[in-house]
Protein chains: 2
Amino acid sequence: MDKHQHKDPAEKLSELGYRMTPQRMMILNAVHNATDHISAEEIYSQVRGQYSHLNLSTVYRTLELLKNLKLVTESDFGEGKVRYHSAEKGHHHHLVCQKCGDVNDVNEAVFTSLTDKLSGDYNFTADLRHLTIFGQCAKCNK
Amino acid sequence: MDKHQHKDPAEKLSELGYRMTPQRMMILNAVHNATDHISAEEIYSQVRGQYSHLNLSTVYRTLELLKNLKLVTESDFGEGKVRYHSAEKGHHHHLVCQKCGDVNDVNEAVFTSLTDKLSGDYNFTADLRHLTIFGQCAKCNK
DNA sequence: TTTGCTATTGCCAACATTTGCAAGCAGCGT
DNA sequence: ACGCTGCTTGCAAATGTTGGCAATAGCAAA
């Protein structure tokens with residue numbers, strides 16, 4: 001299994017001169033196996049369950065690295081902490097309702113006209129991985 | 001002067017049961033008089049120069065309030081701290097270059113097709129005040 | 001296998017921001 | 001004037017995240 005992945009994250013790391021440590025491997029797994037967007041603290045306590053030699057700073061530093069390598073994406077839902085998501089599971093954006101707090105996914109396609117415009121008018125290549133948009137949801141709009 | 005404002009912030013506050021205190025007045029002035037997007041710490045030390053009885057928590061709490069009343073907007077340029085801007089000076093969005101760190105303004109109009117789509121397809125009323133989009137700027141795209 | 005370079009980690013302190021709590025103060029009714 | 005109610009503040013502690021530094025551990029070359 002896992003044959004369908006384009007490239008093993010471990011491979012991707014070592015190709016770029018990074019080292020595959022147990023910490024990184026387990027953090028990567030935690031993000032990948034998470035059913036939903038997962039926080040740094042959650043990753044920390046989850047990994048610690050099987051591998052007690054881990055520091056929270058390492059979690060943050062690893063997530064920063066994985067983010068730069070585009071292996072994970074970061075979302076801020078306005079909870080006072082940030083959440084992470086495996087990039088391999090596909091991109092999508094979020095609509096967060098400021099009234100009821102509901103979070104809904106939006107397909108990337110909704111943003112193509114925006115990125116096209118930014119590219120055409122400003123020659124700016126937008127990096128919209130996990131964008132969060134605040135506002136009022138359908139339910140609260142009634 | 002200031003006759004062109006729609007409504008006095010003091011008036012807007014008291015209408016909603018809030019009080020116009022010296023702290024709030026000076027924080028509001030600091031944001032309004034700032035030539036650029038200003039941080040909480042900057043507001044704090046600036047106001048403290050003329051009014052030493054001020055706590056940093058008050059600055060944060062006041063900014064939170066002004067944000068909810070839509071008197072100021074908040075932008076995160078990825079510096080590890082947030083910046084504020086007077087809403088009365090007009091809305092605009094930001095393109096932040098991940099390579100060179102340059103920040104450019106984009107007119108609100110660029111986003112109308114997006115907000116229309118979100119409204120039509122998802123019945124979601126987007127609250128795009130100061131949106132920040134990361135990517136690569138024209139210079140770095142060459 | 002051993003060595004050596006340096007990326008990586010843990011620990012701890014700093015930073016930006018939020019929160020709980022008790023005291024202070026404004027405006028209202030009596 | 002008095003006290004009540006609830007908004008507002010300062011203070012200090014907590015939270016989420018980042019950064020410096022010295023020790024450790026991958027990995028490649030010998």
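Chain A is the first sequence line, chain B the second, and so forth, proteins listed ahead of strands; every chain is numbered from 1.
Between the CG atom of N55(B) and the C1' atom of dA22(C) there is a distance of 14 Å, rounded to whole Å. Here the C1' atom of nucleotide dA7(C) and the CG atom of L69(A) are 14 Å apart, to the nearest Å. Regarding L63(A), its CG atom lies at a distance of 15 Å from the P atom of dT8(C), rounded to whole Å. For the pair E79(A) CD and dT18(C) P, the interatomic distance rounds to 14 Å; values are reported in whole Å. For L66(A) and dA7(C), the CG to P distance is 18 Å, given to the nearest whole Å. The nearest whole Å value for the distance from the CD1 atom in I43(B) to the P atom in dA16(C) is 14 Å. Between R61(A) atom CZ and dG10(C) atom P there is a gap of 8 Å when expressed in whole angstrom units. Residue L65(A) contributes atom CG, which lies 13 Å from atom P of dA7(C) at whole-angstrom precision.
Between H130(A) and H85(A), the ring planes are tilted. Angles from 30° to 60° get that label.
On the nucleic acid side, DNA chain D contacts chain B at distances under 4.0 Å to non-hydrogen atoms, with the end points of that region at dG6(D) to dA12(D).
Residue T58(A) places at least one side-chain N or O under 4.0 Å from the OP1 or OP2 atom of dG10(C). Proximity of T21(A) to the phosphate of dT9(C): a side-chain N or O atom is located under 4.0 Å from OP1 or OP2.
Residue K81(B) places its side chain closer to dA16(C) than to any other of dT8(C), dC11(C), dA16(C). Candidate nucleotides dT6(C), dT19(C), dT9(C) were compared by shortest atom distance to the side chain of S57(B), and dT19(C) ranks first.
Checked against the 6.0 Å centroid threshold, H93(B) and F111(B) count as a close aromatic pair. Here F77(A) and H94(A) bring their ring centres to under 6.0 angstrom of each other.
Pairing each heavy atom of L63(B) with each of V72(B), the nearest pair is O-CG2, 4.1 Å.
Using a 4.0 Å cut-off between charged nitrogen and carboxylate oxygen, K67(B) and E64(B) count as a salt-bridge pair.
Across N29(B), T73(B), V31(B), a single residue satisfies side-chain contact (heavy atoms from CB on, under 4.5 Å) together with S86(B), and that is V31(B).
Q23(A) comes within 4.0 angstrom of the backbone, heavy atoms only, and of no base.
Residues satisfying the salt bridge (Lys or Arg N to Asp or Glu O under 4.0 Å) criterion with R83(A), sequence neighbours excluded, are E42(A), E79(A).
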